[in-house]
Every structure is written in C-alpha cells, then in structure tokens.
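FYI, the numbering just counts along the sequence from 1.
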Amino acid sequence: MNASPVHPFDLLALDGLLSDEEREIRRTVRALADRELRPHVAGWFERGEIPARELARTLGGLGVLGMHLEGYGCAGTSAVSYGLACLELEAVDSGLRSLVSVQGSLAMYAIWTYGSEEQKQRWLPGMAAGETIGCFGLTEPDAGSDPGAMRTRAKRDGADWILEGAKMWITNGSVADVAVVWARTEEGVRGFLVPAGTPGFSAPEIKQKLSLRASVTSELVLDGVRLPADAMLPGARGLSGPLGCLDEARFGIVFGALGAARDCLETALAYAADRVVFARSLASYQLTQQKLADMALELGKGMLLALHLGRLKDAGRLTPEQVSVGKLNNVREAIEIARQCRTVLGANGITLEYPVMRHANNLESVLTYEGTSEVHALVVGKALTGEAAFR
C-alpha cells in the first residue's frame, strides 16, 4: 500500500521549531502572495515589468516593509518572522523579495540606523506604508565586490554637498522617491539621502535582463547633484555603514532563496506524481526519487541553518561571517535544486507555465548580488584562518 506523501518541510518536523506568531505571519504572507501576486508573476516576468508602486502599497498594507524595525510605522517583528516573510515572497519570485529587501533592509534600515530623528520622521512612516519607495546606491559599474573602489564623490560647497558619480544594478532605482547614496568624501565614505527630482539626479532603468525580470533595476546618475547639509546620514562613517546594511539584506536572502527552492521542489513533486512514463508515474522511478530525496535533504538542512541564524540574530549574537555561511550555502543549494527540478519536468521545465526556470534564472542573480559566492567563501575563509585573501 502506498503511503501518503510528506511535504519536504514536514520530513524534519520544521514547523515545530516555529512559534504560533511566526506560523501566523508566514500563513498571512503566503495567503496574500498566493491570492494577489502568484497569478500575475509569470506575466510580469515575461513582459519585464511590474506595477512597483501598487505592489509597494500592497506589501506596505501587509506590514512587511521594514517589518523587523521598531517604530515609525514599522511592525517590529522578530528576525525569524521577517525571514519567513522573505521565504514566502521569494517562493513567488525573487524580484518581489528583492523589492521588500531593498526597501526594508537597505534603504529603511540605513535611515533607521544612521539617520537623524528628522530624517527618520520624514521618510520612514511613508516607506513602511509603501507610499514612499527607497533604493540603495552602493554598487558602481567598476566597483561591485570591492565597494572601497567607489568613484562617486561628494565635495563640500559652502554648507552644501555636490555629488558626482554613478551607481549600477540598483533595485527600485527608477521608481524610488529617495535614494540612499554612498559617496567618498574627504572624511571617508558617507551616506546621503537624494530625493527623486533633485536636479542632476536621474535613474534610467536597465532593460534586456534575462534574470529578475519581475523587478525594477536601474542605474543612478549623479551629475552635479547639490544637497543641503542635512541630507547626510549623520551616524554612518566609513564602509561599515553600507556593509552593515548589506548584512541585513543578506539575512533575508538566507531565508528567501529557500522559498524559491521550495516552490521548485513542490512543483517537481506534483509533476512527477502526475506524469506517466512507460505506464508508471515518474515519481515511482528510483532515479527520480533519488533526485527528490537529495533536494529535500538540502532544503531541510538549509531551513535548519536559516532558523538557527535567525535565532542568533534575535538574540543579538549573529556575526557577519555567519550571515556569509547562510548566504553561501542556501543560495548555492537553492539554484542546484532549481536546476535539478528542471530536469524532472523535462521540456515542460523551460516554459513559464511552470515556475522552475524562472526561479533558476532569478537565482543566477541572487547568487552574485549582496556578495558573490566567491566573496562569501573568502569571508568564511578569513574567519577560519585569520588570513584575509581579498587582495
């Protein structure tokens, strides 16, 4: 007699590791995602466009924008709850989780952590509600993994600052109301808040992407942008400012990538059960079960790692190298799961009727943004050896 199938997360009884509140937040985000996002995402991906402002208001109404921050309209949830929300959003599409990550863990977190009280009051409530969109300008055309090589400059001119330079691969850039821009000054790297519409500031959208197509990606151009003195984030000095923000975003990816992997595996399991090959279900073949078992193991181990890191973060004990371990492992395993699931679906796996190839394409970007796998491996290597191999 055939046994009833077990969900991959039930294999290790992972729900028992969550609180009632965490399960309820996960259920709420999943319900909205299934109802309002999933039916449209394949079309958004195919067209290479999303209704960013409408989505921001929807996600703001759900309470997931800056949800792990306190005050200013933010929900103040646990880190684990935020991670679970990222997982459910990326189970629909990495581009949707990117919108939330950049808004909450980069732009909002930078203002919340390093901004003045006036800056927080001006920007954060609208950003939490999704009425105001932010972006985060650190990466440059010639400075990705090495942000210390940035060329964007900010020079004093009386009481003002003049910014010159360009940023690249900026999520939300062309729809943002405010950009957090990092620039080199005589006193080191500083952060600046650049409102949309400031003379000399533009954000042309990057087109012809083969990955993260359901996401707005832009260049930021700063051509003699004049800002008042109070546009600077007073609490950030040096690269520790933007790098602290990146650790926040990477934490969300640790959970989020597992959402894409889970969606792929659920799709492959359902497909294999229904697909008949040589008068038997594809799921009944040993080679198929070997693939499914290996993927379920990696998904489960990745979730255990994510939850452990989340508990450490909630206890205030999470370190940057631990975030690197999570990002390195979970994204690497998620993209391998997506690729294997594509083989289970055969030719059907390359169509937008199923989400697998879309997830695989997106994860190609997730693998390299917020720190490439190589860079995270070197962070772990430094922690193990005490030797920095970056240069």
Side-chain angles (χ1 to χ4, degrees), residues 101-102 105-116 118-120 123 134-174 176-204 206 217-250 320 324 368-372 374-376 378-379 382 388-391:
S101 287
V102 169
S105 290
L106 290 179
M108 292 179 68
Y109 181 81
I111 298 170
W112 187 81
T113 305
Y114 305 120
S116 67
E118 182 180 356
Q119 289 168 337
K120 295 174 187 179
W123 294 110
C135 67
F136 186 87
L138 177 63
T139 299
E140 297 187 358
D142 298 313
S145 295
D146 182 12
M150 74 171 65
R151 297 178 181 177
T152 300
R153 294 288 189 271
K155 294 183 179 180
R156 290 187 183 274
D157 184 34
D160 294 342
W161 290 92
I162 306 296
L163 272 62
E164 296 277 355
K167 302 294 181 178
M168 197 70 171
W169 309 116
I170 308 303
T171 298
N172 299 347
S174 59
D177 300 288
V178 61
V180 178
V181 174
W182 301 92
R184 188 175 298 283
T185 74
E186 290 183 355
E187 43 189 70
V189 173
R190 303 300 299 263
F192 297 86
L193 300 181
V194 184
T198 301
F201 176 66
S202 60
I206 297 171
T217 309
S218 310
E219 181 183 3
L220 304 183
V221 179
L222 302 123
D223 183 10
V225 172
R226 179 178 291 273
L227 298 172
D230 62 6
M232 177 189 284
L233 295 173
R237 290 179 179 271
L239 280 174
S240 61
L243 294 182
C245 299
L246 290 176
D247 278 337
E248 288 292 308
R250 289 162 180 160
S324 286
T368 54
Y369 73 20
E370 311 291 0
T372 66
E374 292 83 357
V375 165
H376 287 296
L378 294 180
V379 171
K382 179 183 178 183
F390 292 96
R391 298 183 185 278

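- Of all heavy-atom pairs spanning Thr198 and Pro195, the tightest one is OG1-O, 2.7 Å.
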CA sep, side-chain torsions, deciding dist, call: Trp169, Thr368, side chain to side chain contact (heavy atoms under 4.5 Å, CB included):
CA-CA 12 Å; Trp169 309 116; Thr368 54; over 6 Å; no
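- Checked by atom type and distance alone, the side chain of Glu370 never pairs as donor or acceptor with a backbone atom of Glu248 at under 3.5 Å.
- In this structure, the side-chain hydrogen bond (donor to acceptor under 3.5 Å, both in side chains) partners of Ser324, at least two apart in sequence or on a different chain, are His376.
- At distances below 3.5 Å, at least one donor-acceptor pair connects side-chain atoms of Lys167 with backbone N or O atoms of Trp182.
- A donor-acceptor pair under 3.5 Å is absent between the side-chain atoms of Tyr114 and the main chain of Gly191, judged by distance alone.
- A 4.5 Å side-chain heavy-atom check between Ile162 and Arg226 finds at least one atom pair inside the cut-off.
- Of the possible donor and acceptor atoms, none in the side chain of Arg153 sits under 3.5 Å from a partner among the backbone N and O of Gly165.
- Side chain of Glu140 to main chain of Thr152: a donor-acceptor pair is present (N/O by atom type, distance under 3.5 Å, no hydrogens or angles).
- Qualifying salt bridge (Lys or Arg N to Asp or Glu O under 4.0 Å) partners for Asp230, counting only residues two or more places apart in sequence or in other chains: none.
- Within the 4.5 Å cutoff, no side-chain heavy atoms of Pro141 are placed close to those of Arg151.
- Taking 4.5 Å as the limit, every side-chain heavy atom of Pro320 sits out of range of all side-chain heavy atoms of Val379.
- The shortest distance between side-chain heavy atoms of Thr185 and Phe192 falls below 4.5 Å.
- Looking at residues two or more places apart in sequence or on another chain, you find no side-chain hydrogen bond (donor to acceptor under 3.5 Å, both in side chains) involving Thr139.
- Using a 4.5 Å cut-off on side-chain heavy atoms (C-beta onward), Leu163 and Leu227 make contact.
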